[in-house]
Amino acid sequence: MITVYQFPPAFGLPNASPFCLKLELYLRMAGLPYRNRYTLELHKAPKGKLPWIDDDGTAVADSGLIVDYLKRKYGDPLDSDLTPVQRASALAITRLLEEHLYWAVFYDRWIAAPGWEMTRPAFFGAMPWPLRLIVPRVARRGIRAELRGHGMGRHTPEQMHALGVADVDALAALLGEQEYFLGAKATSVDAVAAAFLANILMVPLKTPIKAAAVAHPNLVAYCQRMARQYFPENYSPR
């Protein structure tokens with residue numbers, strides 16, 4: 001049995017981490033049985049981050065590497081018939097989401113005051129005193145350093161939002177009138193896209209990036225469709 005170690009649900013989503021939600025979406029889309037173990041104990045994770053899995057004694061970390069591992073071991077029902085061009089498109093979309101848009105959304109969640117007022121109790125509210133006071137400060141300081149190290153955190157908030165809005169507009173153009181990002185069939189890149197879009201559109205936090213996403217009816221409809229199809233019991237599209 002695959003055991004998934006991930007953050008607890010938050011903000012009305014199965015997971016407020018797009019990487020955790022991506023993995024759980026992939027498991028559901030691929031029809032792989034699994035069980036969740038919700039945790040905040042990052043020090044127990046193989047790479048100090050969530051999610052990670054224990055597959056009958058085999059530990060694998062990093063959502064992308066986990067998906068690759070699952071494909072090798074259990075087969076590839078979602079992507080096996082993709083063309084080289086489709087695979088390249090999926091990789092480009094994944095990189096846009098995970099290596100660029102993520103950091104702008106990350107800033108709004110963890111650094112900007114309105115987002116931090118939501119994030120702090122959601123992630124740390126269950127901790128005992130005084131950890132509930134100390135750990136959030138340490139975590140936020142580390143995230144600020146990560147943002148600066150990446151480069152996104154060196155921009156002004158307005159510049160970060162402009163970059164994020166451009167990413168959202170590009171996603172809307174790439175999706176177009178298609179049902180899924182690579183056409184009429186859902187593939188693993190849809191697990192990535194739906195996880196990130198849910199964490200923008202379905203979180204009750206007003207940001208310029210969310211406003212840009214809401215302005216694209218195709219992104220809203222796509223996000224709602226993926227939610228109904230793969231998580232009908234966990235959250236309702238808003």
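It should be emphasised that the depicted structure is a prediction, and the values quoted were computed from it without experimental measurement.
Taking hydrophobic clusters as Ile, Leu, Val, Met, Phe, Trp and Tyr residues chained together by side-chain heavy-atom distances below 4.5 Å, Leu42 shares a cluster with Ile66. Under the 4.5 Å side-chain heavy-atom criterion for Ile, Leu, Val, Met, Phe, Trp and Tyr, Ile134 and Met127 are members of distinct hydrophobic clusters. Follow the hydrophobic side-chain contacts under 4.5 Å out from Leu91 and you never reach Leu174; the two are in separate clusters. Hydrophobic clustering (ILVMFWY, side-chain heavy atoms < 4.5 Å, transitive): Trp110 and Leu131 are in one cluster.
Without hydrogens or angle criteria, Asp79 side chain to Ser188 main chain gives a donor-acceptor distance under 3.5 Å. Listed for the His216 side chain is no donor-acceptor partner under 3.5 Å among the backbone atoms of Leu171. At distances below 3.5 Å, not a single donor-acceptor pair connects side-chain atoms of Arg109 with backbone N or O atoms of Thr119. Tyr102 contributes no side-chain N or O that, together with a main-chain N or O of Phe196, makes up a donor-acceptor pair within less than 3.5 Å. Distance alone, capped at 3.5 Å, is enough to place a donor-acceptor pair between the Arg154 side chain and the Arg148 backbone. The closest donor-acceptor contact from the side chain of Arg144 to the backbone of Ile111 lies at 3.5 Å or more, if one exists at all. For the pair Asn218 (side chain) and Ala172 (backbone), a donor-acceptor distance under 3.5 Å is present. Judged purely by atom type and a 3.5 angstrom limit, Glu117 has no side-chain atom pairing as donor or acceptor with the backbone of Pro114. Looking at Asp56, its side chain does come within 3.5 Å of a backbone N or O of Met1 through a donor-acceptor pair. The backbone N or O of Ala195 lies less than 3.5 Å from a partner atom in the side chain of Asn199, making a donor-acceptor pair.
Of the residues Leu182, Val189, Leu82, the one that meets the side-chain contact (heavy atoms from CB on, under 4.5 Å) test with Ser89 is Leu182. Remark: of the listed residues Glu98, Glu146, Met160, Glu146 is the sole one forming a side-chain contact (heavy atoms from CB on, under 4.5 Å) with Trp103.
Thr3 and Arg37 share no donor-acceptor pair across their side chains, judged by distance under 3.5 Å alone. Judged purely by distance below 3.5 Å, without hydrogens or angles, the side chains of Asn36 and Tyr5 never pair a donor atom with an acceptor atom. In summary, the side chains of Glu24 and Tyr34 do present a donor paired with an acceptor at a separation below 3.5 Å, with no hydrogens or angles considered. Counted by atom type alone, Asp55 and Tyr69 present one or more donor-acceptor pairs between their side chains at under 3.5 Å.
Summarising the geometry of Ser17 relative to Asn15, their closest heavy-atom pair is N-OD1, 2.9 Å, with the distance given to 0.1 Å. Pairing each heavy atom of Pro204 with each of Met118, the nearest pair is O-SD, 3.4 Å. When all heavy atoms of Pro77 and Lys185 are compared, the closest pair comes out as O-NZ, 3.5 Å. Minimum heavy-atom separation, Tyr180 to Met226: CE2-SD, 3.7 Å. Nearest approach of Leu50 to Cys20, heavy atoms of both residues: C-SG, 3.9 Å. In this structure, Leu201 and Ala213 approach most closely via the heavy-atom pair CD2-CB, 3.6 Å.
Checked against a 6.0 Å centroid threshold, the rings of Phe7 and Tyr38 do not count as neighbours. For Phe19 and Trp52, the gap between ring centers reaches or exceeds 6.0 Å.
Shown here is Lys73, whose NZ atom has more than 12 heavy atoms of other residues, nucleotides or ligands within 6.0 Å. Within a 6.0 Å sphere centred on CZ of Arg137, heavy atoms belonging to other residues, nucleotides or ligands number 12 at most.
Atom CG of Leu175 is separated from atom CG of Leu197 by 8.5 Å, given to the nearest 0.5 angstrom.
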